[in-house]
Amino acid sequence: MSQTQLSDSRATHGPDTAASALMRGTDGAPCATFQAYQRITGGIEGWFGDGAIAVWDALLDFQQRSRVVGHMLEIGVHHGKSAALMAMYAQPGFKVLLVDHALKAPKIEQALAAARPAAGVEFLTVKGDSRELGVNPLIVQTYRQHRWIHIDGEHSAGAVTNDMRIANQLLANDGVLVVDDFFSWLYPQVTEAVLRYVRQNPDDFALFLCGFNKAYLARPHSVHNYLRFCAEELPEALQARGQETTVGKTTYPAEMNVFGVGPRFQGKALRGPDWEDKLVRY
Ligand SMILES: C[S@@+](CC[C@H](N)C(=O)[O-])C[C@H]1O[C@@H](n2cnc3c(N)ncnc32)[C@H](O)[C@@H]1O
C-alpha cells in the first residue's frame, strides 16, 4: 500500500518542473502526440471525448516511458476515432487489431493515415462479431502480448463479458484494458458486467481508474504501477493537456482501490476521502 500526502500547491496548481519533464515525449516536445492527435480528431466521426482522450494519451505516454511494449486491440472501431490515437502510439514490429462486425474499412483507413503511424506497425482488421474472436488464430498468435485493449463493441452485458474473456487471453502482464461506457446511465449493464467479471475473476484484472465514460484495468500483479501513476502523475498530466480535472481516491484501499477522474471539483487536482481530503492512500 502506498500513500501520497498533498501540499496545497500540488493539489491545486499546474505542473511543477519535475512533472513538466515527465510530460515530454521522446522528441522533447511537451505532449507532442496529444497535440498531433488534437489536429486530426475533429475530422473523424466517433465517440471519444476530450477527457478520455487526455487520460488515454497520459497513460499511453506513461507506458512508452515505462518501456511497456506489445500489440494493441480494439473491439468496436466505427470510423477509427479512438483507433487513431492507438495508431499514434503503436510500436514498430507490433500489430494493431481492429475488430468490428460492421467494419467501415475506407473510413478507418482514412483515420489511420491521418494518424501517421510509425513504419513497421502492422494493422489487421477483422470483420465479424467479437463473440467469434475466441476461435480466431490471432488469439493464439498474440496470446498475452497486448499492451493496450479497448472494448467498445456491443454494449450488452453478455458481449462485454465475452470481450473481457478475450482480453484476458490477450492482455500482457503490464498492459491496460479499457472498457467504454462504464458508469454510463444509458448502459448500466456495462458497469454491472465489468464489476461482476472482476469480482468473479479477481486474478484476471484489477480496476484502477474510472471516469470520462471509461474503466481502466490492469493485471493484479502490475496494477500498483498504474495506481502510483494515478496518484503521482495523472493530475499534472491532465492539466498539461488542457483538462481541468479532479483525480479522486476517496476511500481506503481495502474497501476499493480505484481512482476516479472527472471535471474539476472543489478546486482540487487531486483529492482524498471526504474525511481527509489531502491524504491519498492506494
Ligand atoms: C460506439 S462504436 C465504437 C466507437 C469507436 N471506438 C470510436 O472511437 O468512435 C461501437 C462499434 O461497435 C461495433 N459493434 C457492435 N457490436 C459488435 C459486435 N458484437 N462485434 C463487433 N463489433 C461490434 C459497431 O459496428 C460500432 O462500430
Side-chain angles (χ1 to χ4, degrees), residues 33-34 36-60 71-90 95-115 117 123-139 142 146 148-170 176-194 197 210-217 241:
T33 308
F34 179 74
Y37 182 75
Q38 293 288 84
R39 286 194 287 275
I40 67 162
T41 184
I44 311 171
E45 181 185 290
W47 295 266
F48 196 30
D50 288 345
I53 292 168
V55 172
W56 276 44
D57 188 71
L59 274 167
L60 285 162
H71 307 300
M72 296 172 139
L73 164 70
E74 181 168 76
I75 296 174
V77 188
H78 189 56
H79 287 191
K81 198 176 182 74
S82 45
L85 184 55
M86 290 163 62
M88 285 182 163
Y89 279 96
K95 302 181 201 306
V96 178
L97 310 185
L98 302 172
V99 179
D100 201 300
H101 71 167
L103 200 75
K104 299 180 177 71
K107 292 288 185 189
I108 294 168
E109 276 164 27
Q110 230 176 330
L112 297 179
F123 290 93
L124 295 170
T125 52
V126 177
K127 183 173 181 167
D129 193 304
S130 63
R131 290 180 189 84
E132 291 154 15
L133 262 185
V135 291
N136 192 306
L138 284 167
I139 299 289
T142 65
H146 288 246
W148 190 267
I149 297 177
H150 183 212
I151 293 177
D152 192 6
E154 184 180 307
H155 281 32
S156 68
V160 171
T161 302
N162 169 80
D163 295 352
M164 290 184 76
R165 286 196 188 114
I166 301 285
N168 183 45
Q169 291 182 284
L170 296 182
V176 168
L177 166 64
V178 189
V179 184
D180 184 61
D181 273 322
F182 190 73
F183 282 150
S184 157
W185 66 268
L186 197 53
Y187 304 104
Q189 65 276 11
V190 170
T191 308
E192 160 64 6
V194 171
Y197 186 100
C210 62
F212 295 121
N213 243 31
K214 310 270 186 194
Y216 298 84
L217 304 98
R241 288 160 177 80

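Ligands are counted one by one from 1 in listed order, and the atoms in each one are counted from 1 as well. All values derive from a computational prediction rather than experimental measurement.
- Under a 3.5 Å cut-off, the side chain of Thr191 and the backbone N or O of Phe183 do form a donor-acceptor pair.
- Those atoms of ligand 1 that come under 4.0 Å of a heavy atom in Gly128, given as number and element, are 20 (N), 21 (C).
- For ligand 1, the atoms sitting less than 4.0 Å from at least one non-hydrogen atom of Val77 are 5 (C), numbered in the order shown with element in parentheses.
- Electrostatic pairing of Glu154 and Arg131 counts as a salt bridge here, judged by a charged N lying under 4.0 Å from a carboxylate O.
- Taking a cut-off of under 4.0 Å to the non-hydrogen atoms of Gly46, the atoms of ligand 1 that pass are 9 (O).
- In this structure, Met72 and Leu98 have side chains that are not in contact, with every pair of non-hydrogen atoms separated by 4.5 Å or more.
- A donor-acceptor contact closer than 3.5 angstrom is absent between the side chains of Lys95 and Thr142.
- Residue Asp180 does not touch ligand 1, judged by heavy-atom distances below 4.0 Å.
- In this structure, Glu74 counts as a contact residue of ligand 1, since one of its heavy atoms falls inside 4.0 Å of the ligand.
- Here's the thing with Gly76: one of its N/O atoms is less than 3.5 angstrom from an N/O atom of ligand 1.
- When hydrogens are left out, the protein atom nearest atom 9 (O) of ligand 1 is Trp47 N, 2.9 Å; that is the closest non-hydrogen contact.
- Close contacts of ligand 1 with Glu154, meaning ligand atoms under 4.0 Å from a residue heavy atom, involve 15 (C), 16 (N), 17 (C), 19 (N).
- Atom 19 (N) of ligand 1 has its closest protein heavy atom at Asp129 OD1, 3.3 Å.
- With Asp100, Leu85, Ile44 as candidates, the residue nearest to atom 13 (C) of ligand 1 on a non-hydrogen basis is Asp100.
- Comparing heavy-atom distances from atom 15 (C) of ligand 1 across His150, His101, Lys81, Lys127 singles out His101 as nearest.
- With salt bridges taken as basic N to acidic carboxylate O contacts below 4.0 Å, none links Asp100 and Lys127.
- For ligand 1, the polar-atom distance check finds an N/O of Asp152 within less than 3.5 Å of one of the ligand's N/O atoms.
- A donor-acceptor pair shorter than 3.5 Å can be found between the side chains of His155 and Asp181.
- Polar contact with ligand 1: absent for His155 (N/O pair, distance under 3.5 Å).
- Taking the six-membered ring wherever Trp is involved, the centroid distance between the rings of Phe48 and Trp56 falls below 6.0 Å.
- Among protein heavy atoms, atom 7 (C) of ligand 1 sits closest to Ser82 OG, 3.7 Å.
- Side-chain N/O atoms of Asn213 and Ser184 include no donor and acceptor closer than 3.5 Å.
- Checked by atom type, the side-chain pair Tyr187/Asp180 shows no donor-acceptor distance below 3.5 Å.
- Ligand 1 lies out of reach of Ala83, whose nearest heavy atom is not under 4.0 Å from it.
- Put simply, the side chain of Glu45 reaches to within 4.5 Å of the side chain of His78, judged on heavy atoms.
- Every atom of ligand 1 with a heavy atom of His78 under 4.0 Å away is listed here by number and element: 3 (C), 4 (C), 27 (O).
- Defined by atom type and a distance below 3.5 Å, a donor-acceptor pair is present between the side-chain atoms of Lys214 and His150.
- In Lys104, neither the side chain nor the backbone holds a heavy atom less than 4.0 Å from any atom of ligand 1.
- Distance from atom 20 (N) of ligand 1 to its nearest protein heavy atom, with residue and atom name: Ser130 N, 3.0 Å.
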